2 protein chains.
Amino acid sequence: MEQRSTRQRSAIRAVIEAAGRPLSPQEVLEAAQLDVPALSLATVYRNVKALLDAGEISAVSLPGDSPRYESARHEHHHHFQCTHCLRVFDVHNCPGDLAGLAPAGFTVERHELTLYGRCSDCPAPKRAAGKGKKAHAH
Amino acid sequence: MEQRSTRQRSAIRAVIEAAGRPLSPQEVLEAAQLDVPALSLATVYRNVKALLDAGEISAVSLPGDSPRYESARHEHHHHFQCTHCLRVFDVHNCPGDLAGLAPAGFTVERHELTLYGRCSDCPAPKRAAGKGKKAHAH
DNA sequence: ATAGATGCAAAGAGTTTGCATAGGT
DNA sequence: ACCTATGCAAACTCTTTGCATCTAT
C-alpha cells in the first residue's frame with residue numbers, strides 16, 4: 001500500500017497541477033514527456049487513476065471529448081468551452097446555491113456547470129473570415 | 001439528401017423521444033429491439049448521429065460514462081446524477097441567466113448544469129455502517 | 001429502377017491489463 | 001532484498017466504416 005515517488009508520477013502530477021485547465025490523457029503524456037521522454041501512455045492512465053482515487057485531481061468530461069483531468073486543489077470553479085476553437089477555459093464565478101433546483105427528496109452535494117459560446121479569441125460567428133487575428137491554440 | 005422512413009429509424013427516434021431521460025447507445029439498442037429485433041448497434045450509431053445533425057436529439061455526457069442522448073424537444077433542462085445508484089434524472093429548474101459568469105470578451109450561447117447527490121431512492125449516506133435500511137436501485 | 005438504409009464483420013481509437021524488468025525504499 | 005511502478009504489447013470496449021443486400025420511394 002505504499003506510494004512511491006517516481007519521476008514519472010511527479011512529472012504527471014506536476015503537469016496537471018500546473019495546467020490551469022483540464023488536460024486529456026494525451027495532453028498529459030505530451031507535456032510530461034518533456035520531463036520524462038520515455039513516459040508511456042499506460043503509465044499516464046495508471047497514475048491518473050491513482051490520483052483520482054487519492055482525490056488529488058478530478059475528472060471533467062464535456063460532450064464529445066474524452067475525459068480531461070485537472071487539479072482538485074483549484075477552488076470551486078466551472079468551465080467554458082468555445083464552440084469555435086473547442087478550447088476549454090476555467091470560469092471562476094459560480095451561480096451559487098443550486099440545492100433548490102433538485103426535485104423534492106433529492107439531496108444536492110455538488111454541481112458542475114459548463115458554459116458554451118465564443119471565447120475572446122474567436123469573436124462573432126458573423127460574416128466570413130478574412131480579417132482579424134486568428135488566435136488558435138493547438 | 002433524402003430521408004427515408006425505415007422501421008429502425010422510427011423505432012430509434014421513438015425510444016429516445018419517449019425515454020424522459022438520456023439513454024446510452026446500448027440502452028437505445030435494447031429498447032428499440034423490442035420493436036425491431038434485428039436492429040444492430042451500428043444502425044443505432046448511424047441514426048443517433050443523423051438525429052443529432054438534424055437537431056432532433058442532443059448529447060449529454062457525464063464524467064465516466066459514454067455519451068447519452070435525449071430528445072431535443074424537451075424544454076431547456078438540466079441533469080441530476082445520483083452518486084449512489086448512478087442513475088441520471090432530468091431537472092426542470094434552471095438558475096437562469098448565466099451569461100455574466102464568463103470572463104470579459106466571452107459570449108455565452110448556452111449552458112449545461114449537472115447536479116450530483118442522492119436521489120430520493122438512495123437516502124442519507126449514513127455515517128458508521130452497521131444499521132439502517134439500504135435502498136439500492138439496480 | 002434507383003439510391004439510401006441496414007446487418008455483419010472488420011477496422012479504428014481510446015483505455016486497460018499481463019508480464020518481465022527497472023528502480024524506490 | 002523486497003515489492004511497487006514502468007514499458008511494451010496484447011486484450012478489451014466503444015464507435016466507425018466497407019460492402020453486399022435490402023427496401024422505401
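Keep in mind that this is a model prediction, so the values were computed, not measured.
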Looking only at heavy atoms, the pair that brings Arg9(B) and Arg4(B) closest together is NH1-O, 3.0 Å
In whole angstrom, give the distance that lies between atom CD of Gln26(B) and atom C1' of dT16(D).
16 Å
Any chance the side chains of His111(A) and His76(A) put a donor and an acceptor closer than 3.5 Å?
yes
Return a single string for nucleotides 20-25 of chain C, one symbol per nucleotide in 5' to 3' order, where B is base contact, S is sugar-phosphate-only contact and - is none, cutoff 4.0 angstrom on heavy atoms.
---BBS
Tell me: CG of Leu39(B) to P of dT23(D), nearest whole Å?
14 Å
Nearest 0.5 Å, please: how far is CG in Leu39(A) from OG1 in Thr6(A)?
9.0 Å
Go through the structure and list residues passing side chain to side chain donor-acceptor pair (under 3.5 Å) with Thr43(B), not counting sequence neighbours.
Ser40(B)
Please report the closest heavy-atom contact between Pro95(A) and Leu98(B), naming both atoms and the distance.
CB-CD2, 3.8 Å
Measure CG/Asn47(A) against P/dT17(C) and give the value in whole Å, please.
15 Å
Any luck finding a side-chain donor-acceptor pair between Thr114(B) and Glu112(A) under 3.5 Å?
no
OP1 or OP2 of dG7(D) less than 4.0 angstrom from a side-chain nitrogen or oxygen of Thr43(A), does that happen here?
yes
What is the separation between atom CG on Leu51(A) and atom C1' on dA5(D), rounded to the nearest whole Å?
13 Å
Once you round it to whole Å, what is the distance between P of dT21(D) and CD of Gln8(B)?
18 Å
Under the ring-ring contact (aromatic ring centres under 6.0 Å, His included) test, residues paired with Phe106(A) that sit two or more places apart
Phe80(B), Phe89(B)
Give each protein N/O atom lying under 3.5 Å from an N/O atom of nucleotides 18-20 of chain D, with the pair distance.
residue : atom : partner  : partner atom : Å
dG18(D) : O6   : Arg46(B) : NH1          : 3.3

Between Leu41(A) and Val36(B), which has a closest nucleotide on DNA chain C that is more 5'?
Val36(B)
Taken in chain and number order and not counting sequence neighbours, the residues that satisfy salt bridge (charged side-chain N to carboxylate O under 4.0 Å, His left out) with Glu56(A) are Arg13(A)
Rounded to whole Å, the NZ-P distance (Lys49(B) to dT17(D)) equals 5 Å
Taken in chain and number order and not counting sequence neighbours, the residues that satisfy ring-ring contact (aromatic ring centres under 6.0 Å, His included) with His77(A) are His74(A), His79(A), His92(A)
Asp53(B) CG - dA5(C) P separation (whole Å):
12 Å
